Every structure is written in structure tokens, then in C-alpha cells.
Visitor: 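I am attaching a structure below and will ask some questions about it afterwards.
Here the structure is a predicted model, which means the values were calculated and not measured. We're numbering straight along the sequence, starting at 1.
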Amino acid sequence: QVQLVESGGGLVQAGGSLRLSCAASGRTFSRYGMGWFRQAPGKEREFVAAISWSGGITYYAESVKGRFTISRDNAKNTVYLQMNSLKPAATAVYYCAARRYASSSYLENEYDYWGQGTQVTVSS
């Protein structure tokens, strides 16, 4: 079993930056592919970014490419999402997810564990 706890959300002005963190419990964190998803009010949850077990392979949604960076520190059991040049459209609850495979995925149903989410609000 893996427990995920997100942090780092908050209120930021458009153009600003935030760094989300996701701390994972369990000794096998380094074996899991990790992802970030988000859900805006009134919308379905959508893929944001994903990273393989080693950090060597990453995927991004087109809407965040070039502005968001996903990374991980397996020694700290933590995955990060650096968000730069934030836009109001990025306002959402951001969820961290883990899958029991080393590879990354952009598919929500391929993840086995989810955090509770952290709110990100970008003001115009």
C-alpha cells in the first residue's frame, strides 16, 4: 500500500510560480511510475505530467509543456511539479498518483494510488 500526500498549493497571481510536492510512504516508491493530474471546477480530471521510476522519461499535457516540470527524488520518496508562468486556467485541485509499474502513463485508469489533492488558484 502506498499513501500519497500533496503539498505546496496556494494562491498565486498569473505569471507566477508554484512548486507542488508529493510525499509517498512505502519502501517501493522507486519502483512506481508517478503522475500529476488536476481537476478544475465543473470539469473532469485531466492529465498534467508523468514520470518513470528513474525519472528518465517524462510526459506532459500539451497545455503545460514548456512551463511545468515534473521530477522525483527517490531517496526522499517525493515527486515534484514545478509550475511556471501560471495562467488562471491552471486553477484546479492537483492530484498526485502512483502506478505499480516503473513506466509512466498519461492514462488516469492506469494509476493505483491517489493523494487527496492540493488546491492551486491562479488569479488574473
Visitor: Got a sec: does the CD of Gln119 have more than 12 other heavy atoms crowding it under 6.0 Å?
Guide: yes
Visitor: So which heavy atom on Ser124 is nearest to which on Pro88, and how close?
Guide: CB-CG, 3.9 Å
Visitor: Just wondering, are more than 12 heavy atoms of other shown residues or ligands nearer than 6.0 Å to CD in Gln116?
Guide: no
Visitor: When you measure from the side chain of Ser104 to the backbone of Ala50, do you find a donor-acceptor pair of N or O atoms at a distance under 3.5 Å?
Guide: no
Visitor: Does any N or O in the side chain of Thr58 come within less than 3.5 Å of the main-chain N or O of Ile51, such that one atom is a donor and the other an acceptor?
Guide: no
Visitor: Applying the 4.5 Å side-chain criterion to the ILVMFWY set and letting contacts propagate, would Trp36 and Phe47 be lumped into a single cluster?
Guide: no
Visitor: Starting at OH of Tyr60, measure out to CD1 of Ile70 and round the result to the nearest 0.5 Å.
Guide: 6.5 Å
Visitor: Using side-chain heavy atoms (C-beta onward) and a distance below 4.5 Å, is Phe68 in contact with Met83?
Guide: yes
Visitor: Within 45° of the ring axis of Tyr113 and under 6.0 Å from its six-membered ring centre, is that where the NZ or CZ of Arg99 lies?
Guide: no
Visitor: Could you give the distance from CZ (Arg45) to OH (Tyr95), rounded to the nearest 0.5 Å?
Guide: 6.0 Å
Visitor: How long is the gap from OG on Ser103 to OH on Tyr59, to the nearest 0.5 Å?
Guide: 7.5 Å
Visitor: Taking C-beta and beyond as the side chain, do Tyr32 and Arg100 meet within less than 4.5 Å on heavy atoms?
Guide: yes
Visitor: As an exercise, state the distance from CD of Gln13 to OG of Ser123, rounded to the nearest 0.5 Å.
Guide: 5.0 Å
Visitor: Is the shortest side-chain heavy-atom distance between Val120 and Val93 below 4.5 Å?
Guide: no
Visitor: Considering only heavy atoms from C-beta outward, does the side chain of Arg72 approach that of Tyr80 to under 4.5 Å?
Guide: no
Visitor: When you compare the side chain of Leu20 with that of Arg38, does any pair of heavy atoms fall below 4.5 Å?
Guide: no
Visitor: Sub-3.5 Å donor-acceptor pair from the side chain of Thr118 to the main-chain atoms of Gly9, do we have one?
Guide: yes
Visitor: Out of curiosity, Arg19 CZ to Thr69 OG1, how far, rounded to the nearest 0.5 Å?
Guide: 10.5 Å
Visitor: Are Leu107 and Val48 connected in a single hydrophobic cluster, I mean Ile/Leu/Val/Met/Phe/Trp/Tyr linked by side-chain heavy atoms less than 4.5 Å apart?
Guide: no
Visitor: Could you tell me if Asp73 and Thr78 have a donor-acceptor pair between their side chains, going purely by distance under 3.5 Å?
Guide: no
Visitor: Where the side chain of Glu110 meets the backbone of Ser105, is there a donor-acceptor pair that is under 3.5 Å apart?
Guide: no
Visitor: Under 4.5 Å between side-chain heavy atoms, hopping through other hydrophobics if needed: is there a path connecting Val122 to Val64?
Guide: yes
Visitor: Hey, are the side chains of Met34 and Leu4 touching, using non-hydrogen atoms and a 4.5 Å cut-off?
Guide: yes
Visitor: Of all the heavy-atom pairs spanning Gln39 and Lys43, show the shortest one and how long it is.
Guide: NE2-O, 3.0 Å
Visitor: Any chance the rings of Phe37 and Tyr111 have centres within less than 6.0 Å?
Guide: yes
Visitor: What do the steps show when you test Tyr94 against Leu81 for side chain to side chain contact (heavy atoms under 4.5 Å, CB included), and what is the final call?
Guide: CA-CA 10 Å; Tyr94 283 71; Leu81 184 67; 4.2 Å; yes
Visitor: So Asn74 and Phe29, do their side chains get closer than 4.5 Å, heavy atoms only?
Guide: yes
Visitor: I'd like to know whether CG of Leu11 has more than 12 heavy-atom contacts from other residues, nucleotides or ligands below 6.0 angstrom.
Guide: yes
Visitor: What pair of heavy atoms forms the shortest contact from Val2 to Ala24, and how long is it?
Guide: CG1-CB, 4.3 Å
Visitor: Distance from Ser71 atom OG to Gln82 atom CD, nearest 0.5 Å?
Guide: 8.0 Å
